[in-house]
Amino acid sequence: MKDRISLKTARRIALAAQGFADPRPVGTPDRRHLGRVLSRTGLLQIDSVSAVVRAHYMPLYSRLGPYPMSMLDEAMAPGRKRLLFEYWAHEASLLPVETYPLMRWRMERAGRGEEMYLGLAKWGCQNTSMIEEIYREVEARGPIAASEIEGHKGNGGWWGWSAAKHAFEWLFWAGRITTHSRRGFERLYDLPERVLPQAVRDMPVPSPEDAHRELLRLSARAHGVATYSCLRDYFRLAPHDTKGRLEELVEDGELIPVRVEGWDKPAYLHKDARQPRKVEARALLAPFDPLVFERGRAENLFDFRYRIEIYTPADKRQYGYYVLPFLYDEKIVARVDLKADRPAGVLRVHAAYAEASAPPETATELFEELKLMQAWLGLERTEITPAGDLGPALAAVAAIARAA
């Protein structure tokens with residue numbers, strides 16, 4: 001590989017690293033396909049918004065097409081065959097269980113009041129007895145939800161929602177409890193020794209330095225090519241924790257320093273990064289998909305400025321409440337504001353917008369992907385509001401499909 005690469009090449013490398021250079025499987029995807037995606041992404045970010053579907057279900061759909069969501073649920077189920085556990089990585093995330101030892105340094109720091117939100121750390125220092133009381137409740141009654149503690153009387157008085165929730169969150173950060181399963185979206189907590197496979201708990205725990213090096217390595221594999229800040233951001237590693245680790249990976253030949261056309265910072269190429277001659281992808285992406293969750297990288301790679309507007313007042317939103325980017329071939333060519341109206345059985349397209357690079361067939365290809373998503377979500381039909389500069393064309397394609 002040359003030490004200078006074009007932006008087009010970098011884009012193909014990034015898409016291949018995330019699994020978009022592979023065709024979607026024929027037939028129903030299974031655990032092998034799930035494992036292949038996880039080996040590339042390294043994590044699935046969790047978010048509570050369910051405007052379309054919970055965020056952690058979407059990356060698999062984007063790469064595999066329609067798959068049974070029960071497959072992911074089963075991968076999170078406790079027991080010997082468990083594939084995933086929850087912890088803080090790039091925000092709250094699902095991680096392969098093999099990653100558990102690599103996160104122990106963060107858990108240990110959290111237990112000392114470090115490596116967690118400052119407000120929660122301060123609260124923990126002031127409420128150690130309550131934390132221990134909640135831990136004993138989990139030990140005795142787990143799996144248990146935080147809501148089952150609300151309003152109950154403990155030794156220190158009545159537990160209010162905020163205090164109980166703080167204690168559960170502190171214990172979760174510290175790795176003393178973990179997610180057993182979920183009831184809807186609500187976590188059920190239990191002890192790691194009752195939830196995680198024995199083989200995982202028996203794995204040696206690396207030193208923090210070795211863990212940081214391995215996490216950078218996993219990040220580099222998931223990116224294909226990336227700047228130092230992006231490599232750190234994937235698992236939220238601090239500069240002081242990665243000082244020297246990046247240079248070690250370069251010296252070992254695992255990372256190759258390169259310059260990417262148009263990027264103003266040095267980049268690093270993973271030694272095993274694929275460089276396909278072209279990528280033929282078609283996918284709707286969740287706002288928290290690893291391909292786009294670092295917004296600066298999305299802009300540098302795809303010239304795609306992306307901000308989630310959930311917390312923006314409705315009258316000030318530019319594109320909509322829950323907007324999904326549309327990847328077609330090697331570019332992000334459109335974005336669409338979607339809502340899964342489950343009571344009505346409708347996938348609602350509130351608006352659609354084309355990027356400057358959108359080819360003439362964008363509306364047709366987007367409609368095909370929307371139909372696929374509608375079926376995957378178990379909805380009866382798709383209704384398109386002709387809003388946004390792509391909305392009328394998308395609605396016209398839908399009308400032709402209905403008339404055919």
What orientation do Tyr87 and Phe172 show, parallel under 30°, tilted 30 to 60°, or perpendicular over 60°?
tilted
With under 30° as parallel and over 60° as perpendicular, where do the rings of Tyr117 and Trp173 fit, or are they tilted in between?
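Aromatic pair Tyr117/Trp173 classed perpendicular.
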Give me each pair satisfying side-chain hydrogen bond (donor to acceptor under 3.5 Å, both in side chains) with a member in residues 244-264, each pair once, sequence neighbours excluded.
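Listed by first then second residue: Arg213-Glu248, Arg217-Glu254, Arg245-Glu248.
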Give, for atom CG of Leu269 and atom CD1 of Ile13, the distance between the pair rounded to the nearest 0.5 Å.
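Those atoms lie 5.0 Å apart.
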For the CD1 atom of Ile134 and the CD1 atom of Ile131, what is their distance to the nearest 0.5 Å?
9.5 Å
Is the distance between the ring centroids of [Y] and [X] under 6.0 Å?
X	Y	answer
Tyr234	Phe293	yes
Trp376	Tyr57	no
Tyr100	Phe85	yes

Salt bridge flag under 4.0 Å for residues [X] and [Y]:
X	Y	value
Arg297	Glu299	no
Glu368	Arg282	no
Arg32	Asp30	yes
Arg40	Asp22	yes
Arg187	Glu169	yes
Arg183	Glu186	yes
Lys316	Glu309	no

Counterpart residues, ring-ring contact (aromatic ring centres under 6.0 Å, His included), relative to [X] (two or more places apart):
X	value
Tyr353	Tyr319
Phe326	none
Trp170	none
Tyr328	none

Tell me, which pairs form a salt bridge (charged side-chain N to carboxylate O under 4.0 Å, His left out) where one or both residues lie in residues 110-124, sequence neighbours left out?
Arg106-Glu115, Arg109-Glu115, Arg112-Glu114
Backbone N or O of Pro29 within a donor-acceptor pair of the His33 side chain at under 3.5 Å?
no
Before you tell me yes or no, could you show the steps for Arg63 and Gln18 under side chain to side chain donor-acceptor pair (under 3.5 Å), namely the whole-Å CA-CA distance, both residues' side-chain angles and the distance that decides it to 0.1 Å?
CA-CA 8 Å; Arg63 290 154 180 79; Gln18 282 286 314; 2.7 Å; yes
For Asp303, look at atom CG and say whether over 12 heavy atoms of other residues, nucleotides or ligands are found less than 6.0 Å away.
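Result for CG/Asp303: open.
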